[in-house]
Amino acid sequence: MANWLQLRWGVSLTVVWGIVFILSAAACQSAPDLDAELQTVIQAQALTRLDPGPVQAPALVALGQALYFDKILSGNRDIACATCHHPQEHSGDDLPVSIGTGGVGLGQTRQIGYGRSFIPRNAPELFNRGAAEWHTMFWDSRVMLGADGRFQTPAGDKLPATITTLLAAQAMFPVTSADEMRGAAGDLDVFGQPNELALIAADDLPAIWQALLNRLLAIPGYQALFAAAYPDVPLPELEFAHAANAIAAFEIEAYTFYHTPWYQYLEGDLAALPDEAKAGALLFFGEAGCSGCHSGPLFTDQLHHNLAVPQVGPGKGDEAPLDFGRFRETGDLADKFAFRTPPLHNVAISGPWLHNGAFSTLEAVIEHHLDPEKSLREYDTAVHLPPDLRGTFQNDPALLDELLQTVDPQLAPTRNLSSREVQQLIAFLEALTDPGMAEKVAYLVPTAVPSGLSVDESSH
Ligand code: HEC
Ligand code: HEC
């Protein structure tokens, strides 16, 4: 009896262990190989985690939050930074190209105002702009930190020395743009009062900034917030640059989101990434050639490349309806139609994508990178654009040829990728999303701002 029992348990244990072995082998199929390969790539390419930069002073952040959501910074008192870079829209506006002053609503439901034009470009996400690596701002890097440590901006030597960071230097400009925030001469604000900001000459930036500061300091709530943020600066010595520094502090505090599965994987948690994303990472840093341009901890070389992106939207400057991109800043033909490589943290939640929002799916963005010719020639506005922008696609054959002839040679893939591999790349991009963003949104939107003007909130 004892022998029989022993025998029976022995047999069944063997069977059980056999089944466990087979099941686990099936479940982890190829996973150890993927990890070994990926670890080799991580070491060989010295891939590192993002350093988000220093924590911001709370009083500065509090002032910056009020300013960021307050429509007082716009000539017509109808649009704030948050309108186009809203927490509920993942720090963008969920539109292909933005809608400035005169518009109504938030996100996809935002409507353009009568007689106004669209903003030339897509409002980028604002994630992790506190990282020390940043030395460019805007799709054409028209705000830059030079090698000499000085800010290069459209304001030239008019940029106040009080500006502390590149992000703060950027914040000086949306308020000066007539289409975005300042308004057009003759505009009346939301109370029917004349818009004094729109009457100032467009190139007199110091006068625009001073007029904005005058508005702010007339409000007791702002006097208190400025005094708390800048205890050593008497109110009469404040400049608009102090406001810009505070806005930058808030942007960093609000939108630092880098705790992604990819970050966890780099920290040693091999289970943080699904196999699909691991395979995608191998392609991204390998055969698909993505990391040639989307390099470093921010996933951008901060250089400019022509990807032959369909030209949609109103266009920019004298070249409208075209947008020459970086060429507008340098005059160098090699920069024609080139735009700064965007960073990729949280990219899966920050569509529509590219400098003009030309694509509404990540799949189409990747397919475009892999075969710009096919993608450009077969571009379907009905798939990717809302009805009011479809007519803006510039499909003149000579233009399409020019875009394709000058496409960045680095884009050439070493081989065709299968649709399975495109899905793997998407899985990797999705692993660059910090799940914490969704929970923090509610804390970022204030219930009221010192001017008493309405605060944008989305209905969805
Ligand atoms: C009308 C919509 C709109 C408003 C209002 C607006 N922005 Fe933007 N923002 C944009 C667009 C569009 C771009 C890209 C423009 C370009 O690259 O030419 C941009 C670019 C930026 C960038 C550059 C990010 C990068 O890495 O290139 C930052 C930072 C930014 N905005 C912050 C702000 C702040 C701060 C305010 C308020 C003072 C503001 N924006 C107001 C639409 C808007
Ligand atoms: C030659 C440099 C280069 C290479 C290689 C490259 N990209 Fe890009 N990528 C860019 C530039 C530049 C843009 C923006 C172009 C524009 O808007 O006109 C961009 C845009 C993107 C965007 C949209 C981001 C946003 O916020 O709009 C994604 C996603 C992306 N690339 C992923 C990839 C993937 C995946 C690969 C590899 C298959 C890859 N890229 C290879 C330069 C490159």
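The basis for the numbers below is simple: all heavy atoms, side chains too, and nothing from hydrogens, waters or symmetry mates. Just follow the structure's listing: the first ligand is 1, and inside any ligand the first atom is 1.
Contact check for Phe393 versus Asp380: no side-chain heavy atoms found under the 4.5 Å cut-off. Side-chain atoms of Glu180 and Thr101, non-hydrogen and from C-beta on, never get closer than 4.5 Å to each other. Counting heavy atoms from C-beta outward, Trp134 and Arg129 have side chains that approach closer than 4.5 Å.
The aromatic rings of Trp262 and Phe285 lie parallel to each other, with less than 30° between the two planes, well short of the 60° mark. The aromatic rings of Tyr68 and Phe250 sit tilted, their planes meeting at an angle between 30° and 60°.
Among Leu307, Asn356, Val407, the residue whose heavy atom lies nearest to atom 10 (C) of ligand 2 is Leu307. For atom 34 (C) of ligand 2, the choice among Cys290, Ser350, Gly92 with the nearest heavy atom turns out to be Cys290.
In terms of protein heavy-atom proximity, atom 12 (C) of ligand 1 is closest to Arg121 O, 3.2 Å. Atom 28 (C) of ligand 2 has its closest protein heavy atom at Val365 CG1, 3.6 Å. In terms of protein heavy-atom proximity, atom 27 (O) of ligand 1 is nearest to Phe138 N, 2.6 Å. Nearest protein neighbour of atom 35 (C) of ligand 1, counting heavy atoms only, is Glu251 OE2, 3.3 Å. Atom 25 (C) of ligand 1 has Arg340 NH2, 3.4 Å as its closest protein atom, hydrogens excluded (heavy atom only). Annotation: atom 39 (C) of ligand 2 to nearest protein heavy atom, His369 CD2, 3.1 Å. Counting protein heavy atoms only, atom 3 (C) of ligand 2 is closest to Cys293 SG, 2.7 Å. Here the heavy atom of the protein found nearest to atom 14 (C) of ligand 2 is Pro342 CD, 3.4 Å.
Ligand-side atoms of ligand 1 in range of Gly100: 1 (C), range being under 4.0 angstrom from any heavy atom. Under a 4.0 Å criterion applied to the non-hydrogen atoms of Ile247, ligand 1 contributes the atoms 35 (C). Listed by number with element, the atoms of ligand 2 under 4.0 Å from a non-hydrogen atom of Leu362 are 29 (C). Residue-ligand proximity, Gly289 to ligand 2, at heavy-atom distances under 4.0 Å covers atoms 5 (C). Close approach of ligand 2 to His355 is summarised as follows: ligand atoms under 4.0 Å from at least one heavy atom of the residue are 16 (C), 17 (O), 18 (O). For ligand 1, the atoms lying closer than 4.0 Å to a non-hydrogen atom of Trp139 are 14 (C), 16 (C), 17 (O). Every atom of ligand 1 with a heavy atom of Ala80 under 4.0 Å away is listed here by number and element: 5 (C). Every atom of ligand 1 with a heavy atom of Ile99 under 4.0 Å away is listed here by number and element: 1 (C). Atoms of ligand 2 found under 4.0 Å from any heavy atom of Gln410 (numbered from 1 in listed order, with element): 1 (C), 5 (C). In the vicinity of Leu167, heavy-atom distances shorter than 4.0 Å reach the ligand 1 atoms 29 (C).
Residues Phe359 and Tyr379 place their aromatic rings such that the two centres sit under 6.0 Å apart. Within the 6.0 Å centre-distance limit, the rings of His355 and Phe339 are counted as a close aromatic pair.
A donor-acceptor pair shorter than 3.5 Å cannot be found between the side chains of Arg340 and Ser141. Side-chain atoms of His305 and Asp301 form a donor-acceptor pair, as typed in the model, at a separation below 3.5 Å. Side-chain contact annotation: Asp434 with Tyr263, donor-acceptor N/O pair under 3.5 Å absent. Counted by atom type alone, Asp335 and Thr330 present one or more donor-acceptor pairs between their side chains at under 3.5 Å. Looking at Lys336 and Thr406, their side chains never bring a donor and an acceptor atom within 3.5 Å of each other. A donor-acceptor contact closer than 3.5 angstrom links the side chains of Asn195 and Asn76.
Residue Asn122 has no N or O atom closer than 3.5 Å to an N or O atom of ligand 1. At least one N/O-N/O distance between Arg129 and ligand 1 falls below 3.5 Å. Between Leu354 and ligand 2, at least one N/O pair is under 3.5 Å apart. For His294, a nitrogen or oxygen atom sits less than 3.5 Å from a nitrogen or oxygen atom of ligand 2, counting backbone and side chain alike.
Once rounded to the nearest 0.5 Å, the distance linking CD of Glu421 with CD1 of Ile366 reads 11.5 Å. Distance CG/Leu403 to CD/Glu373: 11.0 Å, rounded to 0.5 Å. A distance of 8.0 Å separates CG in Leu145 from CD in Gln152, rounded to the nearest 0.5 Å.
Around atom 8 (Fe) of ligand 1, the protein atoms of type N, O or S found under 2.8 Å away are His85 NE2, listed by chain and number.
For the pair Arg328 and Phe324, the cation-pi criterion (under 6.0 Å, within 45° of the ring axis) is not fulfilled.
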